[in-house]
Amino acid sequence: MKFKLSKIAALLLPLVVSSSLHAGVVEQTKGNYVDKFRQLDEVLPTPNVYRNAAGEPGHQYWQQQVDYKIKVTLDEQKRYLSGSQTISYQNNSPDTLKYLWLQLDQNIFKNDSIAEMTTTYSSDLQSGPSSKPAKLSLNQLRRQQFMSDNELGYTLSNIKDSSGKALNATVVGTLMRVDLNQPLKPGKSVDLSLDFGFNIVEEDAVNSRSGYEHFEEDGNDIFLLAQWFPRLAAYTDYEAWTNKEFLGRGEFTLEFGNYDVAITVPADHLVSATGELTNASKVLTKEQQKRLEQAKKADRPVFIVSEDEAIENEKEGTDKQKTWQFKANNVRDFAFASSRKFIWDAKGYQQGGKERPLVMAMSFYPKEGGDLWKKYSTESVIHTMEVYSRFSFDYPYPVAQSVNGPVGGMEYPMITFNGPRTELQKDGSRTYTQAEKRFLIGVVIHEVGHIYFPMIVNSDERQWTWMDEGLNSFLDGVAGREWDPMIPWGVEARDVVDYMKSQSQVPIMTQSDSVLHLGPNAYSKPAAALNILREVILGRELFDFAFKEYANRWKYKRPTPSDFFRTMEEASGVDLDWFWRGWFYTTDHVDISIDKVYQLRLDTKNPDIDFGRLREEELNKPVSFHVKRNQEEGKVLWVDKNKDISDFYDENDRFTVTNKERNEYNKFLKGLKPWERKTLERAVNEDKNYYVLEFSNLGGLVMPILLQLTYTDGTVEDQYIPAEIWRRNSQKVQKLIVTDKTKVLKDIAVDPSWETADVDIENNYYPRRIIPSRIEVFKAKKPSGKVNRDIMQDIKTELKTEKDEKDNKDAKSDDKNAIETEQN
């Protein structure tokens, strides 16, 4: 488009494009232009009838339905789980299926699994006479010994269809293909059954997502059983069978279905499980049933089984058995826990609404959980539901449970496994650290939050860990800060700067098993990104509306990243392709530097004003050091010694105004249109300050520029510059800021509250500040090692017995108590 500059526009133009400013601008030339705002259409899958361009399920969206009837028995002595199951598979896809794929997660523990065979060893190996030994931890040795001593993985048998005819099955690592006797056409269903069993792993030895924990002091175990039965892999519109090998990190995605599960355990065990207990009258005492009823309307958790009752229950085992019956509808998995050590408390969460007005929040834990669990576990469960429901939907299931055991933190529908405990002291009390308290609250919120994402909003964890861990970490940070903002939740922008500038980053969109650093990549970075999106870019109102829309669109369905990205844009009305591309598809980081600030003043074109200003500027320039030293030495100038000789230029300098300039000025004014003259006169009268701020993008990740302007009168002003300022030049930009005459800039800060994950805050200040840091005095240590042993002296040392060690420990404890008593 051609256009002609008005005279007033031409007058103002030098403010922005003066030669002195242009020197610092990176010119765009062919070959170095990077479009950070390029649309994601070329990256995201093409919208279709299953997933539309708005990020919604399409009008032909489908997913499979898989129902299970399972009978399972826990052999406590052998630590063996055996069961039989019937599976009903409904083919809602438009495809004819000739076989089904099942997940066999327990096979990950087999010696010939891909996970085991590809385990790497990491140590600083050295050679030579002065080399140090490599490291192998006792935990690693313990794991190797357990895996070697036990036959692990599934034993499978009796695989057949509903008519009793055998089905051909092929085990492929942690998967099994079952060939159907007849192709399964669209809209049809098939039933199959099988028997299974496996040795339960010791979780503390193997470090898995489930297993048993043995307590030496009382001889009892806690069993946490998850990923325990052969489960149908998901069949999807975007990948067909999601039959990637289970390597441990990428979890799973499954089909929704209805479960009817009978769990047979020792008669003195308590069982916590996915679903609703349907035979309470057979497995609970009348008193326990009464307490459960009281808990529904209680202000604080009610003990269904108290600590004293649990301790009494620990004392003896039994050969008798009980079968606990659970039913769960519309869930994608099933897990349970069993132990005679459990204390059990419960409290009703009155959430209202038509779908599920009452939810029973419950916790199961041994006496080792102590007051930490009594006070905070069940209350944390309820707090989670209160916050998450605000961002998504009402909690739809009858129970939400927190179970203490060997697993540090893991989630399944309606049940979570959480790890922190108290420490038994000599006086019989149980104490816990502040860190353990924070850990319990945080892990319960996080794992219960997972019941929403991905147990209901069913993302594919095997492929995209961030879709459940990142979204959930963002929300658990919201819930956590509403619990206690002093707890460090690790989801703020400032929490990810070290990772974002590291050299071992991979994009968030990396497949789960290929991520190098799972914690920052799948949890912290996407959570921080969503916090920035909510608090800095969209604002809470737009973000919360769009996020809630996403959750409700995909409740009980299977979203992909493109569905999330598209929904957030469509529902917020903001183009966010630049944000998704930068944060999720690259390893760029945020580093915006404010490099220069120019203070400009509008030329009036009136020579009597402008020439006077130029004279004033000339007089304010620093005096030459040569001239200054001449003055200090008292040298008299020639012009001062010969004042009888002078001319016109001794009275008039180069800034003297002549009528020629005045005539030109008057001619200029006459040539202006009325609106142009009015505009100029106003600008001259207001005499505002014009500042040009020059920024460079050193990290590559385009972001909004958050400015804090401090003026000489002490006032402070915040300004928000959208990320689109980088659209035409993603490396360096200039911004014109105009202030009133009295508002003189003193200093400028970029992102002063650390809201954008800027990795270098020291280039965020203009003028640059003195960098605050710390220094610590230390005393050099003498080198230690085998070469410095004084064997001549050490040979005289007496060998201590266990009794000597105990007496020494008791003496130290008595001394400490005596000191504390004296201080008190």
Side-chain angles (χ1 to χ4, degrees), residues 31-58 61 236-240 242 244 250 253 454 457-471 474 496 500 505-516 520-522 525-530 532-533 537-538 543 546-547 549-550 553-554 557-590 697 699-704 722-724 726-731 757:
N32 71 353
Y33 175 69
V34 178
D35 185 3
K36 299 287 187 177
F37 293 83
R38 191 169 75 254
Q39 297 295 281
L40 275 178
D41 289 349
E42 69 230 49
V43 176
L44 301 181
T46 303
N48 52 51
V49 295
Y50 309 128
R51 298 164 189 276
N52 71 23
E56 293 180 294
Y61 176 84
T236 71
D237 61 277
Y238 60 83
E239 193 180 356
T242 56
K244 289 183 177 66
T253 188
V457 180
N458 183 19
S459 57
D460 186 345
E461 301 169 278
R462 186 67 51 87
Q463 183 70 25
W464 303 293
T465 299
W466 73 266
M467 281 201 75
D468 68 292
E469 297 296 357
L471 268 62
F474 158 70
V496 299
M500 291 189 69
Q505 262 198 102
V506 296
I508 290 176
M509 283 295 291
T510 303
Q511 192 269 333
S512 299
D513 293 306
S514 298
V515 173
L516 298 181
N521 185 275
K525 184 178 176 181
L530 293 177
I532 292 170
L533 187 61
I537 297 167
L538 291 180
F543 180 94
F547 193 90
E549 181 71 13
Y550 165 75
R553 284 179 179 183
W554 293 98
K557 295 182 177 67
R558 181 177 289 107
T560 66
S562 61
D563 300 315
F564 177 67
F565 297 153
R566 284 170 168 152
T567 294
M568 292 300 292
E569 287 197 22
E570 191 269 345
S572 70
V574 179
D575 181 2
L576 297 170
D577 283 16
W578 63 271
F579 182 81
W580 308 128
R581 185 183 292 278
W583 276 89
F584 288 77
Y585 288 88
T586 78
T587 56
D588 290 346
H589 60 263
V590 183
N697 179 6
L701 189 55
V702 295
M703 287 291 287
E724 281 76 6
W726 303 101
R727 182 175 285 278
R728 292 178 178 82
N729 188 331
S730 63
Q731 297 174 301

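All heavy atoms count here, side chains included; hydrogens, waters and symmetry mates do not.
Ring centroid separation for the pair Phe474 and Phe543 comes in under the 6.0 Å cut-off.
By the salt bridge (Lys or Arg N to Asp or Glu O under 4.0 Å) test, Glu724 pairs with no residue at all, sequence neighbours left out. Under the side-chain hydrogen bond (donor to acceptor under 3.5 Å, both in side chains) criterion, Arg558 pairs with Thr253, Glu255, not counting sequence neighbours. Scored by the salt bridge (Lys or Arg N to Asp or Glu O under 4.0 Å) test, Asp563 finds Arg51 as partners (sequence neighbours excluded). With sequence neighbours excluded, no residue forms a salt bridge (Lys or Arg N to Asp or Glu O under 4.0 Å) with Lys557. A search for side-chain contact (heavy atoms from CB on, under 4.5 Å) contacts involving Glu570 returns Ala54, Arg553, not counting sequence neighbours. Shown here are the side-chain hydrogen bond (donor to acceptor under 3.5 Å, both in side chains) partners of Thr465, two or more places apart in sequence or in another chain: Ser512. With sequence neighbours left out, the side-chain hydrogen bond (donor to acceptor under 3.5 Å, both in side chains) criterion links Trp583 to no other residue. Every residue meeting the side-chain contact (heavy atoms from CB on, under 4.5 Å) condition with Thr587, not counting sequence neighbours, appears here in chain and number order: Gln505, Pro507. Taking the ring-ring contact (aromatic ring centres under 6.0 Å, His included) definition, one finds that Tyr61 meets it with Trp554, sequence neighbours left out. In this structure Trp726 satisfies the ring-ring contact (aromatic ring centres under 6.0 Å, His included) test with no other residue, sequence neighbours excluded. Remark: Arg727 pairs with no residue by the salt bridge (Lys or Arg N to Asp or Glu O under 4.0 Å) rule, at least two apart or across chains.
Between Phe584 and Trp580, the ring-plane angle classifies as perpendicular under the 30° and 60° cut-offs. Ring planes of Tyr238 and Trp464: tilted class, angle from 30 to 60°.
Taking the side chain as every heavy atom from C-beta outward, Asn697 and Gln731 never approach each other to under 4.5 Å. In this structure, Leu576 and Leu538 have side chains that are in contact, with non-hydrogen atoms separated by less than 4.5 Å. Proximity of Phe565 to Tyr550: side-chain heavy atoms (C-beta onward) are nowhere separated by under 4.5 Å.
Applying the salt bridge (charged side-chain N to carboxylate O under 4.0 Å, His left out) definition to pairs two or more places apart or across chains, none involves residues 505-514.
Judged by distance alone, the side chain of Thr586 and the main-chain N or O of Gly582 form a donor-acceptor pair under 3.5 Å. Remark: side-chain polar atoms of Glu549 are not paired, donor with acceptor, to backbone N or O of Thr567 under 3.5 angstrom.
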